[in-house]
2 protein chains.
Amino acid sequence: MREGGLAAVVVETLAERLGTTKGSFYWHFKDRDELVVTGLELWEQEMTEAVIARLETVGDPVVRLRQLFDLMFADQPGGFMTTALLSHAQDPRVGPVLQRVTRRRLTYLTGALVECGVPPDRAHHHAVVAATAYLGYFGLQRQLPDEAVFGAEAKPYLRHLLHVLEAELPAARVRPSGA
Amino acid sequence: MREGGLAAVVVETLAERLGTTKGSFYWHFKDRDELVVTGLELWEQEMTEAVIARLETVGDPVVRLRQLFDLMFADQPGGFMTTALLSHAQDPRVGPVLQRVTRRRLTYLTGALVECGVPPDRAHHHAVVAATAYLGYFGLQRQLPDEAVFGAEAKPYLRHLLHVLEAELPAARVRPSGA
DNA sequence: ACCTGAACACCGTTCAAGT
DNA sequence: ACCTGAACACCGTTCAAGT
């Protein structure tokens with residue numbers, strides 16, 4: 001799914017790989033659609049709710065926010081999965097899950113910024129900026145897989161982005177320049 | 001293609017819609033792959049090369065750059081097409097075209113910025129920022145089609161982006177705040 | 001030069017029959 | 001409860017035969 005999109009999810013191939021027949025597949029799932037939706041809902045839980053739950057254990061909201069950014073942009077598989085789903089946004093199986101995940105992430109991010117002292121409307125705006133940066137960051141890597149578009153190791157793009165986003169935080173709590 | 005991805009390109013459906021048989025399709029195209037590639041190459045020409053050719057008629061590099069930004073972010077079908085292709089970036093039919101288009105756009109954008117007096121490495125960095133913003137802008141609209149994520153009519157997101165990008169231009173030529 | 005219609009392969013889906 | 005194997009539908013592809 002992450003690599004080849006919906007078309008890569010093939011019942012017959014799956015059955016072969018599991019050493020069984022495709023007939024038996026239909027005991028476990030009503031049809032291919034149910035497999036796809038189940039997989040997407042699993043992804044929703046593991047990759048969004050689970051991450052949020054983990055972040056909630058962090059006490060300091062500024063530390064939590066930074067950890068959130070770090071997790072977001074360090075998780076290549078997650079980013080590739082999200083950008084892979086983009087083409088199928090109109091698909092009735094993918095659309096609803098993708099909308100839920102996107103909204104959940106946006107609201108959580110907005111809330112995280114508010115807890116850091118950013119006014120709500122600016123927080124929402126910054127959450128949108130972060131979400132577009134996320135899609136763009138992984139999308140561009142997907143488009144140009146053979147190039148280090150964002151530079152080799154040091155990522156000036158991410159630094160720039162974090163700088164813009166953190167510029168909004170109450171001055172005293174901004175990440176020291178060395179971190 | 002733009003709406004349903006590769007899977008929506010169906011020879012039988014196409015033949016029906018044209019009131020002919022699928023057998024006759026194979027007189028015009030070697031196979032479905034050739035149709036897909038031909039379509040993508042057409043898109044490459046119409047949506048990238050043609051736009052660039054049109055921009056080249058604009059004399060003033062700063063005016064040209066603004067026109068470029070306007071075209072980029074006003075062209076919803078174009079943006080949706082690009083984000084639709086993202087999932088198929090690994091596909092041998094889509095990948096090469098998508099890479100060419102992306103690289104072409106990045107180099108052109110970088111060049112346009114350089115002609116406005118921006119130093120080459122900063123120009124490249126800003127071109128990358130613009131490219132990610134482009135993917136993020138249309139990607140997020142694709143993910144949340146029922147919401148006006150970026151605000152109704154006035155687009156503070158784009159204004160913000162243009163502000164960041166134009167901040168780099170030689171001071172005297174920056175777009176007046178009213179425009 | 002261009003089209004049709006039948007044939008076949010591939011994969012989703014069903015289901016009667018097995019254990 | 002879980003699996004198999006045969007059957008059928010759908011669509012990509014081929015091709016001999018038509019105009």
Side-chain angles (χ1 to χ4, degrees), chain A residues 1-46 77 80-101 142, chain B residues 1-46 77 80-101 142:
Chain A
M1 185 84 165
R2 190 195 306 140
E3 288 158 21
L6 273 179
V9 181
V10 179
V11 174
E12 195 156 24
T13 313
L14 179 65
E16 256 170 49
R17 204 180 298 177
L18 295 176
T20 179
T21 61
K22 46 182 179 165
S24 95
F25 169 85
Y26 287 88
W27 172 260
H28 300 281
F29 295 93
K30 194 182 138 302
D31 53 17
R32 185 173 168 271
D33 284 9
E34 194 178 280
L35 170 69
V36 169
V37 171
T38 306
L40 288 172
E41 282 169 350
L42 197 67
W43 166 73
E44 180 180 15
Q45 289 308 313
E46 309 260 294
F80 271 48
M81 183 66 178
T82 308
T83 50
L85 292 179
L86 225 47
S87 340
H88 306 293
Q90 323 245 18
D91 186 291
R93 295 157 299 186
V94 178
V97 185
L98 190 56
Q99 284 187 36
R100 280 204 304 274
V101 168
R142 229 183 140 89
Chain B
M1 185 83 169
R2 190 194 307 139
E3 287 158 22
L6 274 178
V9 181
V10 179
V11 174
E12 194 156 25
T13 312
L14 179 65
E16 256 170 48
R17 203 180 299 177
L18 296 175
T20 180
T21 60
K22 47 182 180 164
S24 95
F25 169 86
Y26 288 88
W27 172 259
H28 301 282
F29 295 92
K30 195 181 137 301
D31 53 18
R32 185 173 167 272
D33 284 9
E34 194 178 280
L35 170 69
V36 168
V37 171
T38 306
L40 288 172
E41 282 169 351
L42 197 65
W43 165 73
E44 179 179 17
Q45 288 308 313
E46 309 259 293
F80 272 48
M81 183 66 177
T82 309
T83 49
L85 292 179
L86 226 47
S87 343
H88 307 293
Q90 322 244 19
D91 186 290
R93 294 157 299 186
V94 178
V97 185
L98 190 56
Q99 284 187 36
R100 281 203 303 274
V101 168
R142 228 184 141 89

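Quick note: numbers below take in every heavy atom, side chains included, and nothing from hydrogens, waters or symmetry partners.
Residues B/Leu98 and B/Gln90 have side chains not in contact (no heavy-atom distance under 4.5 Å, counting atoms from C-beta outward). Contact of the B/Leu14 side chain with the B/Leu35 side chain is registered, since non-hydrogen atoms from C-beta on lie closer than 4.5 Å. Side-chain contact between A/Arg100 and A/Val97 is present, with at least one heavy-atom pair separated by less than 4.5 Å. For the pair B/Phe25 and B/Leu18, the minimum side-chain heavy-atom distance is 4.5 Å or more.
To the nearest angstrom, P of D/dA9 lies 18 Å from CG of A/Asp31. Atom pair B/Arg32:CZ and D/dG12:P shows a separation of 6 Å (rounding to whole Å applied). Atoms CH2 (A/Trp27) and P (C/dG18) sit 17 Å apart, rounded to a whole Å. Between the OH atom of B/Tyr26 and the P atom of C/dG5 there is a distance of 17 Å, given to the nearest Å. As rounded to whole Å, 14 Å separates atom P of D/dT4 from atom CD of A/Glu12. Rounded to whole Å, the distance from CG on A/Asp33 to P on C/dT14 is 11 Å. When rounded to the nearest whole Å, the span between CD of A/Glu34 and P of C/dT13 equals 11 Å. When the P atom of D/dC3 is taken as reference, atom CZ of A/Phe29 falls 12 Å away, rounded to whole Å.
DNA chain D lies under 4.0 Å from at least one heavy atom of each of the following residues of residues 14-23 of chain A: A/Thr20, A/Thr21, A/Gly23.
Distances shorter than 4.0 Å separate some side-chain N or O of B/His28 from OP1 or OP2 on C/dC3.
The structure places CZ of B/Arg142 at 9.5 Å from NE2 of A/His88, a figure rounded to the nearest 0.5 Å.
When all heavy atoms of B/Thr82 and B/Trp43 are compared, the closest pair comes out as OG1-CZ2, 3.9 Å. A/Phe29 approaches A/Thr38 most closely through the heavy-atom pair CE2-OG1, 3.9 Å. Considering every non-hydrogen atom in both A/Leu6 and A/Met1, the closest pair reads CD2-CE, 3.7 Å.
Remark: B/Ser24 engages B/Thr20 in a side-chain hydrogen bond (donor to acceptor under 3.5 Å, both in side chains) (not counting sequence neighbours).
For DNA chain C, each stem of at least three Watson-Crick or G-U pairs (distances under 3.5 Å) is given as range with range: C:4-8 with D:12-16, C:12-16 with D:4-8.
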